[in-house]
Amino acid sequence: MSQYTLIEAVNAALDYELAADESVVVLGEDVGANGGVFRATDKLQTRFGEDRVIDTPLAESLICGMSIGLATQGFKPVAEIQFMGFIYAAFDQFICHASRMRNRTRGRLSCPMVLRAPFGGGIHAPEHHSESTEAIFAHVPGIRVVIPSSPARAYGLLLAAIRDPDPVVFLEPKRIYRAQSETFENNGEALPLDVCFTLRQGSDLTIVSWGAMLQETLQASEQLAQMGIDCEVIDLASIKPIDKKTILESVEKTGRCMIVCEAAKSGSVASEAAAIVAEEGLTSLFAPILRVTGYDTVMPLLKLEQHYLPSTEKIMQAAKRLMEF
Amino acid sequence: MSQYTLIEAVNAALDYELAADESVVVLGEDVGANGGVFRATDKLQTRFGEDRVIDTPLAESLICGMSIGLATQGFKPVAEIQFMGFIYAAFDQFICHASRMRNRTRGRLSCPMVLRAPFGGGIHAPEHHSESTEAIFAHVPGIRVVIPSSPARAYGLLLAAIRDPDPVVFLEPKRIYRAQSETFENNGEALPLDVCFTLRQGSDLTIVSWGAMLQETLQASEQLAQMGIDCEVIDLASIKPIDKKTILESVEKTGRCMIVCEAAKSGSVASEAAAIVAEEGLTSLFAPILRVTGYDTVMPLLKLEQHYLPSTEKIMQAAKRLMEF
Amino acid sequence: MITVAKFSINFSQYLDADSNLHLDNQALTQAGLDPARLLDYYQAMLLVRSYDTKAIALQRTGRIGTYPSCLGQEAISTAIGKTMQACDVFLPGYRDAATLLMRGTTMHELFLYWGGDERGMDFSHNKEDLPYNVPIASQCCHSIGVAYAFKLRKQPRVAVVVCGDGGTSEGDFYEALNAAGTWQLPIVFVVINNQWAISVPRAKQSYCQTLAQKGIAGGVASEQIDGNDTIACHIHLQRAIDNARKGNGPSLIEAISYRLGDHTTADDASRYRDQEELANAWKKEPLVRLEKYLLKRGDLTDAKIETFKQQANAQVKQSVESYLATPAQDKSAMFEYMYETMPDALKEQLDQLNQNK
Amino acid sequence: MITVAKFSINFSQYLDADSNLHLDNQALTQAGLDPARLLDYYQAMLLVRSYDTKAIALQRTGRIGTYPSCLGQEAISTAIGKTMQACDVFLPGYRDAATLLMRGTTMHELFLYWGGDERGMDFSHNKEDLPYNVPIASQCCHSIGVAYAFKLRKQPRVAVVVCGDGGTSEGDFYEALNAAGTWQLPIVFVVINNQWAISVPRAKQSYCQTLAQKGIAGGVASEQIDGNDTIACHIHLQRAIDNARKGNGPSLIEAISYRLGDHTTADDASRYRDQEELANAWKKEPLVRLEKYLLKRGDLTDAKIETFKQQANAQVKQSVESYLATPAQDKSAMFEYMYETMPDALKEQLDQLNQNK
Ligand SMILES: Cc1ncc(C[n+]2csc(CCOP(=O)(O)OP(=O)(O)O)c2C)c(N)n1
Ligand SMILES: Cc1ncc(C[n+]2csc(CCOP(=O)(O)OP(=O)(O)O)c2C)c(N)n1
Ligand SMILES: [Mg+2]
Ligand SMILES: [Mg+2]
């Protein structure tokens, strides 16, 4: 048993799987000697060699397209895009090929790749370094989108993503890369994909969130508890496909639903979760489904970014509005 | 007054605006001598010259990036992406630059460009030629996404898009490019952006749809009317930003809401519309909000594509379910 | 000022447009191009042309969807298939039926695919070849991964990837070339320059004198050949593939050819293309060029040609019949290959499909 | 086999690393590089270095965010700014503070931007220049549109776009080069090869002997210069810009330099970079090179250097003060520039922001 921050957990999972499965390769910009700009791949090249921990030329479409080629040859590439803001050039390859290789060849070929990227705001980074555009991937059929919210879940979910026989986008909430440490055993045990994690049981209100925003969500829930509002907090974790069952059962119990995320509101994964509840859980509801999200604006540069991100305060206010409805 | 199919209306709007405003240029693959693979730009190069109706090299990121450069110089580029399935390589330029130029320069520069693309299935086209991924753009702050559903609206909305001082993605439902003709005057009159069009008044059920799916939606509504179910049909038209007011007022009146689109269900614009109603119109609802959409699968090749697209039948069944709820 | 780098692009042609051979017999034999081999090429090209003609006819009668003819490109495309080994991996565009047929893809499979049935890409023979690729030039990046896999596993295998003249303008083409150079991967890039990208002529696609020189940007050995000269295609592809297999790194071959047909059955080339240019191009086409040469040498006779043609047509006819007799996939097929194991969310949608909800 | 195309890449250096000039005085004068002009360059580079040092210090003390130093690249970057005309348009990357300063962007604006305030990109002087560009090489495509606009309007203006050695691996870099060739646009591409793309050395970025040769892929005239030699930078940029302005088409200049600092203040280059390599690079840096030359010629004295430095520092200090005294934008600013006219949907969200909902 050791202590891991979220970024250390990512590193441990990569390290474990590179050792356990020789078809795993890691590739991306600066993943080698530098160990990644956040150190996710720290020391991996020294341990597994330049051939398996590959510094690529600076070309995101190449990184994704090359991973697809490797995957058709039975490799399990884990590609890093340095920041989610630079993932768009890889999107074409991902949607046109990664997500369709199995389908268009009727299973003859497949694409067991992972596309990792740090995402989200709040670290006072430059332009394009604070993106939360998971919704764009969540619309793509044939893939999985996974977002961990703690070191242990990062470890278990990343292992699951690498082992999954289909393409997975694995988005890491960089704001909490080093926020807290968790103790677990580096034993290669994966967590299940396609399911949510209920982080807090409650009876008054279901709050669905993912990634770094669970910090504020859990904080708000603690404070709300002291005011007598008992929140159930669900970590969505698998952004695609969504585990509807857990959410709907929770809403059936609580009768109220709020979704919290830092992405721009319109067309966000919060909208998808709300639509699911509105379609299949409407009769349980006592109150509207609220989305507490980023605004439909560009994520501002660092001076204003804290005003963009949903705050604990904002979540609490929304919860109170729901309870008073 | 002349008769126009939808594709002819697009051509007429481009022709009108190229003549009226010399800052308008048209660019893309095969838009010149060939007049576009669907003839959207037919005869424009002959009339306005190779310099203003520009055949580009085969490079979508270039097409979008070049348009951005032109726009910063005060031009109004109307760029064609040959099919929506090839728009992804242009997405990076669009989200990183087109949508942010005004914001990041505090208005010093801006990006009054239009990115046109035919979209949607049902024409028995090859792989990648039947995409409906408007949701991906609908999540991007700082832009407009517009989808016409008739020749007259194609004409008026495209003129509005070209004249709009901000970037617009203009998606043309190619399945109905030649489905019907409409008579209107080629007088340069634009329609408003940011608003829905109510195509049918009704009291029992609000159906929101856009593009080609309005054909099936209107057909279903006629048949439902004969069965005593009175649908209000709203053409969303502006996919982003969404005219919430019209939708919410309609739902307030009808108490029931269904959204019809051909895109994959999860993370679709149907989800966004549902989320809006669940957040702000919930108390008007007698029944769940249904999404009648494509499946979360790859659009199949032509042999099965009719099973993918929502049918009139499917819309009717959903309507009946809502009425019986 | 000092010169720090020098480059040149060579062009090779052995069998000219008038079917004169500019190569001595010894070189021909050394290249493995004995009469039997050339007849084999000729027959293959006949078969391809028969297939292609039939495919267009099937489209015209509504039995398949939009189809991109490979008319005029038979030499380079068959040569790729015939110089590759079974263990190699081919990464096609969408106009590469000829190569796929040489690789073992059946006509039945090709008709299925163009007929709108995914099973056509479930190749029964060349199981590791990539499927047809529609988004232009994106396959070039896949070839990097495939070849990297070969290199990492120390396998003597080669990836051959094809794109068109238009395709060379895409970023993916270049990103791949550059990466192939960086890692000295066993890849042969073949640019089939058929002079047109739908309606855009080669000259508007790039200011480059040659498309071959684009390889220089990736440090990749590059050359130009007459892509309608079966002999040049065979010799230069064989050399490039052998080199890649031996670990001598990637190369790029620009094969000069001409698209004799419309872009696809949905296109009308007369809108943008000069009739005279087309007429001239017909004079350089590969099949008759080889035919005349073989007739001249006496390796072929009119009677043999007739027999070969009949054989080819018969084979195509049989494939058409088997294609037309194939029962469609059940509509549920669209769900089956989305994931290895179907997630619950999809199961529910599949139920809805089955219940027509 | 015939040779159909030939290319060569030349390298130019006039003022070598030991400050010896390999150019006669006449040529220098012809190039407009009289003593006053060279002193002007020297002062500009001093100012840039002072600014850069201060920016790092401001980051270390939390007064600005992550900052990419331009230490070592002052020669090429100032030369771009000084050879361009006011009517031209500059398309920077993120490491091009020196050029922007020459173009009229104020230090105050630069500090604002790196301090996390969008107003920094609302240039008060060079109003048509593009803002800093973070997604690598994407600005290259913008330059096509800008230059196309000049050409269409028949304006004698030039677009100059910069990217790094790493940036040359991106598809956008190549798509733009190719398009610049196709339309023979008035663009100068400057590749500042500072040998590193964060931790990836030049040799791993591409197998090319030179990055200049990448221009060959677009049919663009290309050359390599010593980017730490102010004189070569000035002469060759001036020539390329003049050529473009005259309608002679685009060109590409690879300027060989070295990133003497970390990639940004968030980077620690000692993790991947050899100390010895760095020490050697310092011997070739541009500022001292020019300083020594001017001292040798007697155009500069130690006393003058001291004065210049004090002037530069004073100017920087003043900008820092004005930056630190700038009131923050109101939080509503994030909504203000999303559209020319705010849509209702946004107004509602702005209200929520203002009401802290
Ligand atoms: C990324 C992308 N953009 C556009 C298209 C539409 N399109 C299909 S074929 C074609 C022209 C291709 O020309 P070329 O590369 O020369 O190949 P050819 O068709 O001549 O074999 C275009 C523009 C596409 N399939 N993919
Ligand atoms: C598209 C994109 N991918 C990745 C990054 C992250 N990144 C920032 S700088 C950099 C290296 C750039 O190297 P180079 O082009 O040589 O420019 P330099 O920093 O040396 O000036 C990388 C990978 C980015 N900004 N944009
Ligand atoms: Mg072509
Ligand atoms: Mg660099």
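A, B, ... follow the sequence lines: proteins, then strands. Residue 1 opens every chain.
Shown here for D/Lys6 and C/Ser8, the closest heavy-atom pair between the two residues is CG-CB, 4.0 Å. Closest of all the heavy-atom pairs between D/Val4 and C/Gln224 is CG2-OE1, 3.6 Å. D/Cys208 and C/Gly219 make their closest contact through SG-N, 3.6 Å (heavy atoms, listed as atom of the first residue, atom of the second, distance). Residues D/Gln213 and C/Ala5 approach most closely at OE1-CB, 4.4 Å, considering heavy atoms.
Put simply, CG on D/Asn178 and CD on C/Gln205 are 7.0 Å apart, with the number rounded to the nearest 0.5 Å. Remark: C/Glu223 CD to D/Thr3 OG1 distance equals 11.5 Å, nearest 0.5 Å. For the atom pair CE of D/Met1 and NE2 of C/His22, the computed distance is 15.5 Å after rounding to the nearest 0.5 Å.
Side-chain contact between C/Ile9 and D/Phe7: present, with at least one pair of heavy atoms (C-beta onward) separated by less than 4.5 Å.
With a 4.5 angstrom heavy-atom cutoff, C/Tyr14 does not touch chain D via any of its atoms. With a 4.5 Å cut-off on non-hydrogen atoms, C/Thr210 touches chain D through its side chain but not through its backbone.
When the candidates D/Ala232, D/Gly171, D/Ala176 are compared by the number of heavy-atom contacts under 4.5 Å with chain C, D/Gly171 comes out ahead. With chain D as the partner, the residue from C/Ala217, C/Gly181, C/Gly249, C/Gly215 showing the most heavy-atom pairs under 4.5 Å is C/Ala217. With chain C as the partner, the residue from D/Ala180, D/Ala212, D/Ser169 showing the most heavy-atom pairs under 4.5 Å is D/Ser169. For the options D/Ser206, D/Ser12, D/Ala203, D/Ala179, heavy-atom pairs under 4.5 Å to chain C are most numerous at D/Ser206.
Annotation: D/Lys82, atom NZ; neighbour count of heavy atoms from other residues, nucleotides and ligands within 6.0 Å is above 12. Under a cut-off of 6.0 angstrom, the local environment of OH in D/Tyr293 is crowded, with over 12 non-hydrogen atoms contributed by other residues, nucleotides or ligands.
Note on ring orientation: taking the six-membered ring where Trp is involved, the planes of D/Tyr174 and C/Tyr174 are parallel (angle under 30°, cut-offs 30° and 60°).
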